[in-house]
Amino acid sequence: MDLDFDKNHIWHPYTSTINPLTCYPVIGAQGVHLELETGEQLIDGMSSWWSTIHGYNHPHLNAAAHSQIDKMSHVMFGGITHNPAIDLCKKLVDLTPSNLEKVFLADSGSVAVEVSLKMALQYWHAKGEQRPKFLTLRDGYHGDTFAAMSVTDPNNSMHSLYKGFLPEHIFANSPQAGFWDEWDENDLDDFKHQLEVHHKQIAAVIMEPIVQGAGGMRIYHPEYLKGVRRLCDQYGVLLILDEIATGFGRTGKLFACEHANVQPDILCVGKALTGGYMTLSATVATKHVADTVCGGEAGCFMHGPTFMGNPLACAVGAASLELIEQGEWQQQTKAIETHFSHTLPRLLEHELVSDVRWLGAIGVVEAHKNVNMEVIQAHFVEQGVWIRPFGKLIYMMPPFISTEDEIQKLIDAVEGALHKAECFI
Ligand SMILES: *Cc1c(COP(=O)(O)O)cnc(C)c1O
């Protein structure tokens with residue numbers, strides 16, 4: 001592979017052109033394995049960023065893609081519809097919380113978030129109210145486009161770089177009680193305070209339910225989310241839940257909001273929607289939100305991406321949801337959670353480790369020090385696994401089909417890194 005060309009000309013996510021780190025050449029992927037050009041097989045502990053829940057090269061998903069590409073890979077969605085979109089959206093309406101009925105398809109998670117924010121703004125405009133602000137949580141992550149970034153943690157996403165352009169929203173302290181901790185009602189104080197003070201300006205609350213992903217891999221108490229729903233109702237503010245990372249079984253429930261028995265007014269899904277095959281996302285709203293938006297001045301929802309409802313992506317998405325409907329993910333994520341709960345606490349004995357946490361098919365080891373990315377990445381590859389930490393966080397979110405042995409290999413590799421001082425700065 002022409003790695004020199006790659007190094008000199010291709011930007012990778014969050015990387016420098018001056019000091020590009022090593023990129024590992026992958027030539028294939030099968031089941032839970034990534035195959036390197038050198039022939040090595042790595043157990044994937046990342047599911048390619050939460051998405052490859054059923055594993056790579058899945059026969060059912062491959063068949064759906066092959067069958068669809070021979071019919072049509074794309075047609076515009078304006079004035080045209082097709083079975084792949086209908087099949088997918090039927091399943092989405094069926095699987096998502098029962099109050100959600102109207103599906104808007106988009107191309108990526110960030111765009112699904114943009115769409116949800118625009119929906120909330122149009123909703124209040126239609127009701128004749130000026131509500132230009134959103135309330136969200138510190139340590140959150142909602143994507144890299146501007147509006148999504150504006151509700152992402154201001155420090156992590158370096159809002160200072162975009163000052164003057166980036167809209168300024170309202171941030172409440174992130175939840176402190178962990179998922180398995182005792183609940184403390186005071187946890188909601190700041191959120192409640194922000195809502196009390198600003199609610200007349202707030203179009204919606206947007207947050208990740210139960211697991212704050214890329215903003216810090218924090219797993220919080222379901223009572224917090226219950227309180228948020230209660231307060232949103234009390235103050236008459238919409239609730240947008242971003243399940244782009246947590247949706248489709250990752251936390252051990254089909255959607256993380258089920259841990260708290262709450263339903264959002266608007267839900268964003270993406271990442272695992274196509275089982276990691278294609279880029280596709282959806283924003284699903286209640287009939288009330290959708291009808292209010294469309295009853296407003298514009299008479300419609302003002303959005304329509306070129307590749308909206310891409311048939312190829314929808315066909316694979318529908319096939320992935322068929323696998324979800326078969327239900328094996330429940331035992332699989334339960335088994336992974338049990339394994340994490342038996343093995344991760346022991347890592348706390350290590351002086352470098354400040355916290356461990358887990359839920360469903362998510363395992364997190366937080367260190368006292370930042371990782372040395374170049375060194376720790378090489379360590380993981382040498383151990384036959386693919387884990388990509390950030391900052392102080394080493395985390396695993398393997399494909400649901402991973403066996404106990406494969407999960408253990410991931411944990412062993414993490415433990416190995418803790419014994420190598422050079423893996424940390
Ligand atoms: C990844 C992610 C996004 C952004 O999705 P992209 O497909 O990367 O644009 C938004 N919200 C959450 C919670 C995510 O994890």
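Position 1 is the first residue of the sequence; numbering continues from there. Both counts, for ligands and for their atoms, begin at 1 and track the order of listing.
- In summary, K226 and E223 engage in a salt bridge, as defined by a charged side-chain N under 4.0 Å from a carboxylate O.
- In the vicinity of H142, heavy-atom distances shorter than 4.0 Å reach the ligand 1 atoms 10 (C), 11 (N).
- The nearest heavy-atom contact from the protein to atom 5 (O) of ligand 1 is G109 CA, 3.2 Å.
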* **Candidate pair H259 and L225, rule side-chain contact (heavy atoms from CB on, under 4.5 Å), full reasoning** => CA-CA 9 Å; H259 287 287; L225 187 56; over 6 Å; no

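- Near S108, meaning under 4.0 Å from any of its heavy atoms, are these atoms of ligand 1: 7 (O), 9 (O).
- With contacts defined as side-chain heavy-atom distances shorter than 4.5 Å, the pair I407/P398 qualifies.
- Residue E208 touches ligand 1 through its side chain alone, judged by heavy-atom distances below 4.0 Å.
- For atom 14 (C) of ligand 1, the closest heavy atom belonging to the protein is K271 NZ, 2.9 Å.
- Between K133 and E168, no side-chain nitrogen of the basic residue sits less than 4.0 Å from a carboxylate oxygen of the acidic one, so the salt-bridge criterion is not met.
- Remark: minimum distance from atom 11 (N) of ligand 1 to any protein heavy atom is reached at D242 OD2, 2.7 Å.
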* Show your reasoning for whether side-chain hydrogen bond (donor to acceptor under 3.5 Å, both in side chains) applies to S48 and Y56. => CA-CA 10 Å; S48 282; Y56 298 95; 2.6 Å; yes

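- Considering backbone and side-chain atoms alike, S110 places an N or O below 3.5 Å from some N or O of ligand 1.
- Using a 4.0 Å cut-off between heavy atoms, Y141 contacts ligand 1 through both its backbone and its side chain.
- At a cut-off of 3.5 Å, with distance as the only test, a side-chain donor of H303 or K118 sits close to an acceptor on the other residue.
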